**Q** 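Before we start, here is the structure in question, set down as structure tokens.
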Amino acid sequence: VSLARGGFYDNLTFHRIVPGFVIQGGDPRGDGTGNPGYRIEAEFNTRPHVRGVLSMAREGDPMERGGIMPRPEYANSAGSQFFICIDYARTKPLDRKYTAFGIVIEGLEVIDALAQTPIADTGTGRPQTAPVIRSVRIREGTAGDDPYADLIQKATAGASPIQTLAPATPGE
């Protein structure tokens, strides 16, 4: 929230796009290696990484491929990078291993358009021309305003797609 309010994300790019999986942004270097100068501890939760969910990007632990939870040095490596999930069939393995903190509740067609960006390097997801994040705005709300549960129920039931970015309850 403080990064968004301070304009940190303004004019950064979506530097990684993996069709059918995620779009990722929030890197001040634009190559997947940048951060805001600090790292935060993971707050893994039970929120599923369904279509439209925002989650904290972090370093991947090579040991995770064997099914273990990420070790602390990897789990606690998030900073400013985030990703938006595209297809739960592919993002389900991220559940409980990444910090889901928000969900797109309006404008999902923009996410779909971003997911169609031509890719220069399929190994890294680097787009030919990285889409620019003009700005990020925080919409104030209370825990009672949290649409996550209803939207998750609809998404997992195959109802209409989730469509503005809403924060999850802090600490969950």
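All of these numbers come straight from a predicted model, not from anything done at the bench.
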**Q** R39 and E59: salt bridge (Lys or Arg N to Asp or Glu O under 4.0 Å), yes or no, with the steps?
**A** CA-CA 11 Å; R39 293 175 181 243; E59 289 181 42; 2.8 Å; yes
**Q** Run R16 and V22 through side chain to side chain contact (heavy atoms under 4.5 Å, CB included) and show every step you take.
**A** CA-CA 8 Å; R16 179 177 179 236; V22 299; 3.9 Å; yes
**Q** Backbone N or O of Q81 within a donor-acceptor pair of the D27 side chain at under 3.5 Å?
**A**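 Not confirmed, D27 side chain does not pair with Q81 backbone.
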**Q** Just how far is it from atom CD1 of I17 to atom OG1 of T122, taken to the nearest 0.5 Å?
**A**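 Atom-to-atom, I17:CD1 and T122:OG1 are 13.0 Å apart.
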**Q** Would you mind reporting whether I23 and I86 have side-chain heavy atoms less than 4.5 Å apart?
**A**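 Of all side-chain heavy-atom pairs linking I23 with I86, at least one is under 4.5 Å.
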**Q** Apply side chain to side chain contact (heavy atoms under 4.5 Å, CB included) to residues M69 and K97 and explain how you reach the verdict.
**A** CA-CA 7 Å; M69 288 297 288; K97 293 181 179 180; 3.8 Å; yes
**Q** For residues V53 and A100, report the shortest heavy-atom separation together with the two atoms involved.
**A**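 Smallest interatomic distance, heavy atoms only, reads CG1-CB, 3.8 Å.
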**Q** Would the distance check show the side chain of Y9 and the main-chain N or O of S80 forming a donor-acceptor pair, the cut-off being under 3.5 Å?
**A**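 Yes, because the side chain of Y9 sits within donor-acceptor range (under 3.5 Å) of the backbone of S80.
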**Q** Under the criterion side chain to side chain contact (heavy atoms under 4.5 Å, CB included), I'd like the reasoning laid out for H49 against R96: C-alpha separation, chi angles, the key distance, then a yes or no.
**A** CA-CA 9 Å; H49 284 77; R96 299 176 185 256; over 6 Å; no
**Q** Do the side chain of D121 and the main chain of R126 share a donor and acceptor less than 3.5 angstrom apart?
**A**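 Checking the backbone N and O of R126 against the side chain of D121, no donor-acceptor pair under 3.5 Å is found.
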**Q** Donor-acceptor pair, N76 side chain versus E41 backbone, under 3.5 Å?
**A**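 Not confirmed, N76 side chain does not pair with E41 backbone.
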**Q** Which residue pairs pass the side-chain hydrogen bond (donor to acceptor under 3.5 Å, both in side chains) test with at least one member in residues 111-120, sequence neighbours excluded?
**A**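 Applying side-chain hydrogen bond (donor to acceptor under 3.5 Å, both in side chains) to every pair that reaches into residues 111-120, excluding sequence neighbours, yields R51-D112.
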**Q** Determine the minimum heavy-atom distance between L3 and G79, stating which atoms define it.
**A**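 Nearest pair, atom of L3 first, then G79: CD1-O, 4.2 Å.
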**Q** Return the CZ to CG distance between F82 and L54, rounded to the nearest 0.5 Å.
**A**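 It is 6.5 Å, given to the nearest 0.5 Å.
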**Q** Less than 6.0 angstrom separating the ring centers of F83 and Y98, yes or no?
**A**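 So the answer is yes for these two rings.
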**Q** Does E73 come within less than 4.0 Å of R58, counting only side-chain N to carboxylate O?
**A**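 No, this pair does not count.
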**Q** Taking side chain as C-beta onward, heavy atoms only, is M63 less than 4.5 Å from Y74?
**A**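 SC-SC contact between M63 and Y74 ruled out.
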**Q** Could you tell me which non-hydrogen atom of H15 sits nearest to which non-hydrogen atom of P127, and how far apart they are?
**A**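 Minimum heavy-atom contact is O-CD, 3.1 Å.
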**Q** So how far is it from D95 CG to N45 CG, rounded to the nearest 0.5 Å?
**A**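 Result: 9.0 Å between the selected atoms.
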**Q** Transitively linked via ILVMFWY side-chain contacts under 4.5 Å: V104 with V110?
**A**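 Yes.
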**Q** Report whether I84 and I119 are members of the same hydrophobic cluster (ILVMFWY, side-chain heavy atoms less than 4.5 Å apart, transitive linking).
**A**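 Yes, because I84 and I119 connect within a single hydrophobic cluster, where side-chain heavy atoms sit under 4.5 Å apart.
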**Q** Could you tell me the separation between the CG atom of N35 and the CD1 atom of I40, rounded to the nearest 0.5 Å?
**A**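 Answer rounded to 0.5 Å: 11.0 Å.
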**Q** Answer whether the closest heavy-atom distance between the side chains of S55 and Q24 falls below 4.5 Å.
**A**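 Heavy-atom side-chain distance check fails, nothing below 4.5 Å.
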**Q** Is it the case that one hydrophobic cluster holds both Y38 and M56, taking links as side-chain heavy atoms less than 4.5 Å apart, direct or via other members?
**A**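 Cluster IDs for Y38 and M56 match.
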**Q** With a 6.0 Å cut-off on the ring centroids, do Y88 and F21 count as close?
**A**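 Not under 6.0 Å, so no.
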**Q** What heavy-atom pair brings G20 and D87 nearest, and what distance separates the two atoms?
**A**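 So the minimum-distance heavy-atom pair works out to O-CB, 3.2 Å.
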**Q** Tell me the closest heavy-atom pair linking G34 and P28, and the distance in Å.
**A**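 What the structure gives for the nearest pair is C-CD, 3.9 Å.
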**Q** Out of curiosity, T13 OG1 to I133 CD1, how far, rounded to the nearest 0.5 Å?
**A**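 The OG1 atom of T13 sits 7.0 Å away from the CD1 atom of I133.
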**Q** State, to 0.1 Å, how close A78 and A57 come at their nearest heavy-atom pair, and which atoms those are.
**A**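 Looking at all heavy atoms of both residues, the closest pair is CB-O, 3.3 Å.
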